[in-house]
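Each chain gets a letter, A, B and so on, in the order the sequences are listed, and its residues count up from 1.
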Amino acid sequence: MSNLLANLNAEQLAAVTLPDEPALILAGAGSGKTRVLTTRIAWLIQNGHVSPAGVLAVTFTNKAAKEMQTRLAAMLPINTRGMWIGTFHGLCNRMLRAHFRDAGLPQTFAILDSQDQLSALKRLLKGLNVDDEKYPAKNLQYFINNAKEQGLRPADVEANDDYNRRFVDLYAAYDEQCQREGVVDFAELLLRCYELLRYNDAIRAHYQHRFRHILVDEFQDTNVLQYQWLKLLAGYGTGRAAAVFAVGDDDQSIYAFRGANVGNMRDFEHEFRVRQMIKLEQNYRSHGNILDSANHLISHNARRLGKNLRTDAGHGEPVRVFQGGSDGQEASWIVEEIRDQIAQGMSRSEIAILYRSNAQSRVIEHALFSAGIAYRVYGGLRFFERAEVKHALAYLQLIENPRNDAAFGRVVNFPTRGIGARSIEALQDAARQYNCSLSEAVAYVPGKAGSSLGAFIRLIDQMRAETRRMTLPEMVEYVTNTSGLIQHYRTEKEGQDRIENLQELVTAAQAFVMEEGYGLDAPAAVLPAGHEGAPALAEGDQAQQVLDPEQLPVVMTPLVAFLTHASLEAGDNQAQAGQDAVQMMTVHAAKGLEFNVVFITGLEEGLFPHENSAMEADGLEEERRLMYVAITRARERLYLSFAQSRVLHGQMRYHVRSRFFEELPESALKWLTPPQQAYGGMGGGRREKSESAWGRDWFKRPEDVAYTGTKPTGGMDTGNGYADSKRAAETGFRVGQGVFHNKFGEGKITAIEGEGANAHAQIHFKRHGTKKLALGIAKLDPID
DNA sequence: TGAAGGCGCTTTTTT
DNA sequence: AGCGCCTTCA
């Protein structure tokens, strides 16, 4: 810890030691961004610029937050636990817990994850008898979250037609429902916290006074509300603003679809009068050819803040490019290359296969599986999202707060206890009529339904009574048993895994109470008295609390803290951790990771760049950034591949290779297969027999024919890898061909799907964008 | 109550 | 094709 600054390069050093003023750090991929962030915090503290309590550092993922905390702890002999280092949602949660009254929330509010939010909306729509064809819960969810991320309450949303007005009304009704039930969704965490700061002068003043240094990671991914929140917290415009240290990379902004606003970087630079933007351009990850490719590609984007990565490593190996006749061939080739790599001593976990969309993984998985190569697919359900775990948590939530209708609805009849749809309906009617929670409404339901429901209420009450003195792990175990969940899964054929997950939940509870410092003896439902800064929360003057930063962090009961943790941190998606396996994931999921060997697959027009991106403003640029992220994951060896045909959603599709190939430096590439076929010309192919797949005679492998050949009914006997030339013979059109349409003018066929009378072409028209037209119907003339 | 079959959707995803 | 969700039927 003696010399924090040792081994920093000049750019990093400049960033770390900037004066206490707003700063924007443009941190390229692999440029030591996290190191700069953490060293900056350590340096500020060590040199007395700020105390640990005066720092707020915010990131997007729990993983990144944890990483920051760990690294900081390694640099300074301080307790990082109490520091305000966390995710936007985590920090907002913390503030709302501390000021629950001022925020208008119950002390132990529960947090809805996206799934929970969707179910809550479905429940709402059903209750209001809304036509869910016309107003799908999914759309409403999107509408609401979008509004909240813009900082808009129902009253603030402009609706210019009846349809949108209805959405606004439903948004209002949803907020009321949440309020009644004491629950808060993810977007609400941020918006509530923003409003808390905005409308409560004392609290705002307190935090503005307290946080003198605010550090933001992945700034390019912040949304409108997050930026507003930061401005408020930093005291922007007050004349004594905190020093905001924003670190980001506009070239790696790939989350516009979920509200990220790269424009925040520009806005920040201007609004905070950033005096100098520091660029971290020295890359410590990739070899030269890989970096050249990345630089070359991204230079095709307009409106960049501007950055060029450089490396001291040599050119290294060329970037290898492979064209397959089909997705199956592409997969077989990947398997062969991976075999070679493994044979040469490469560890499987250092090999990553990236793709644009999850649907692409299946073919590759099949190939790896048949070849007996261990692999791991990222994505999918994570621990706390699993149904059985959510069920157990719902029981815990009901014990904590019987008014939580979402939890009630989830487990009132699971395991089944004779409470059918009719009973639930009667209960919901009663709840509406008396304007109360489902639990409270049970008293108003007569007859047999009423008595079964009453038994359920008694079950929950009994659980609450009997767990009163239990520790959290004991309570979790008790609940999984007494609820009948374990019993239920014993009789289910796939139940064993689920039982194991429930047992794992007990283990998770044990780990949680230890890590959070409650200890194994702490009663789950009791506020830990004497625990750092505890009791003032339950009663007492909020203002006083505000003035005493030592009373934070907020203390929750172990139970509430655990439930919060489960919502805010969904946990890993069940990794068979430890096993040396090839890593498979989407490009999005790969952001922030690095591997020795990277395959970027499915580089085809329509897939990557994805066809839907053509519909969105700046869609193509975002796809290019995605490609940039993908390329910069590789340290030593990078493979790019595409296939002429692939089965997608059960349909054979034909694609030309991605335009991104045209944006890479020829000098860095090595084509393992002739590069020109997709555009009709055959020239220019530089075969590399020695290592290329070309020499392996792919097209005669029986298992590949199934992939390559079009359906027999189509009468096409491909399987020779030249599917689209065959198509040309049949339909008169081929991918890559220029066409003229009476209405849309000149265009080029970018994909053909379906066959015979059903054949459709995706055509990119110069003046009208991409259209999908039926070849049998549209009046198309071929042009050169 | 639970199994079976039909329907529709299918880019990317953290909290 | 493959999955989740919903309805239907025994």
Side-chain angles (χ1 to χ4, degrees), chain A residues 58-65 86-93 111-119 122 126 132-133 136-138 142 145 148-149 184-190 193 218 221-223 225-226 253-260 327 354-363 366 378-382 384-385 387 413-423 488 491-493 564-571 573 585-592 602 606-616 619 622-623 625-627 629-630 646-653 707 711:
Chain A
V58 62
T59 68
F60 278 86
T61 66
N62 292 299
K63 194 176 157 202
T87 63
F88 281 98
H89 294 84
L91 297 178
C92 286
N93 172 60
I111 298 169
L112 301 183
D113 67 18
S114 314
Q115 281 177 36
D116 301 332
Q117 185 189 32
L118 189 62
S119 339
K122 284 182 178 162
K126 208 166 239 167
D132 57 351
E133 301 269 284
K138 268 253 164 63
Y142 175 82
N145 290 340
K148 289 188 179 181
E149 280 162 16
V184 162
D185 62 49
F186 285 139
E188 183 73 21
L189 277 177
L190 298 179
C193 187
E218 306 278 17
D221 287 337
T222 52
N223 64 31
L225 180 58
Q226 283 158 340
S253 165
I254 57 173
Y255 285 113
F257 70 92
R258 64 174 199 218
D327 47 358
L354 310 184
Y355 33 82
R356 174 68 239 265
S357 66
N358 289 303
Q360 290 164 249
S361 73
R362 186 158 284 114
V363 181
H366 277 305
Y378 280 74
L381 272 195
R382 295 175 312 166
F384 286 114
E385 292 168 351
N413 197 35
F414 194 95
T416 50
R417 37 179 79 89
I419 300 172
R422 293 164 309 282
S423 309
H488 170 85
T491 62
E492 212 183 47
K493 44 186 183 294
T564 301
H565 166 81
S567 303
L568 247 30
E569 253 179 279
N573 60 337
M585 66 194 83
T586 63
V587 179
H588 281 93
K591 188 167 170 226
L607 251 194
F608 200 1
H610 197 276
E611 53 201 357
N612 293 3
S613 70
M615 322 286 277
E616 290 145 29
E622 177 125 332
E623 295 290 305
R625 290 193 288 269
L626 202 47
M627 181 66 182
V629 167
R646 85 171 49 238
V647 179
L648 213 58
H649 310 315
Q651 266 207 317
M652 183 70 85
R653 310 224 325 184
Y707 287 114
K711 288 178 201 131

**Asked** Hey, which of these two, G420(A) or G90(A), hits DNA chain B nearer its 5' end, going by closest nucleotide?
**Response** G420(A)
**Residue whose closest nucleotide on DNA chain B lies nearer the 5' end, E569(A) versus T416(A)** = T416(A)
**Those residues that, when tested against H610(A), pass side-chain contact (heavy atoms from CB on, under 4.5 Å) (two or more places apart)** = R356(A), N612(A), E623(A)
**Prompt:** Taking any atom under 4.0 angstrom from a heavy atom of chain A, which nucleotides of DNA chain C are the first and last to qualify, 5' to 3'?
**Reply:** dA1(C) to dC6(C)
How is [X] classified with respect to the nucleic acid when contacts are heavy atoms under 4.0 Å: base, sugar-phosphate, or nothing?
X       : answer
N413(A) : sugar-phosphate
Y255(A) : sugar-phosphate
D185(A) : nothing
N62(A)  : sugar-phosphate
E149(A) : nothing
K591(A) : nothing
S114(A) : base
F60(A)  : sugar-phosphate

**Request:** Determine the interplanar angle of the H588(A) and Y255(A) rings, folded into 0 to 90°, and report it as parallel if under 30°, tilted if 30 to 60°, perpendicular if over 60°.
**Result:** tilted
**Asked** Taking NZ, NE, NH1 and NH2 as the nitrogens, is one of them in D221(A) or K591(A) under 4.0 Å from a carboxylate oxygen of the other?
**Response** yes
**Item:** Residues S114(A) and Q117(A): side-chain donor-acceptor under 3.5 angstrom
**Value:** no
**Side chain D132(A), main chain P136(A), donor-acceptor under 3.5 Å** = no
**Request:** Check for a donor-acceptor pair, side chain of N62(A) on one end and backbone N or O of L568(A) on the other, with a separation under 3.5 Å.
**Result:** yes
**Fill in**
Outermost contacting nts on DNA chain B, any atom under 4.0 Å from chain A heavy atoms, listed 5' then 3', are dT1(B) to dT15(B)
**side-chain hydrogen bond (donor to acceptor under 3.5 Å, both in side chains) between E616(A) and S613(A), worked out** = CA-CA 5 Å; E616(A) 290 145 29; S613(A) 70; over 6 Å; no
**Message:** What's the separation between atom OG in S567(A) and atom CD in E385(A), rounded to the nearest 0.5 Å?
**Reply:** 10.5 Å
**Which atom of S253(A) lies closest to which atom of E622(A), heavy atoms considered** = O-OE1, 3.5 Å
**Item:** Distance, P atom - from dT13(B) to dG4(C), rounded to whole angstrom
**Value:** 16 Å
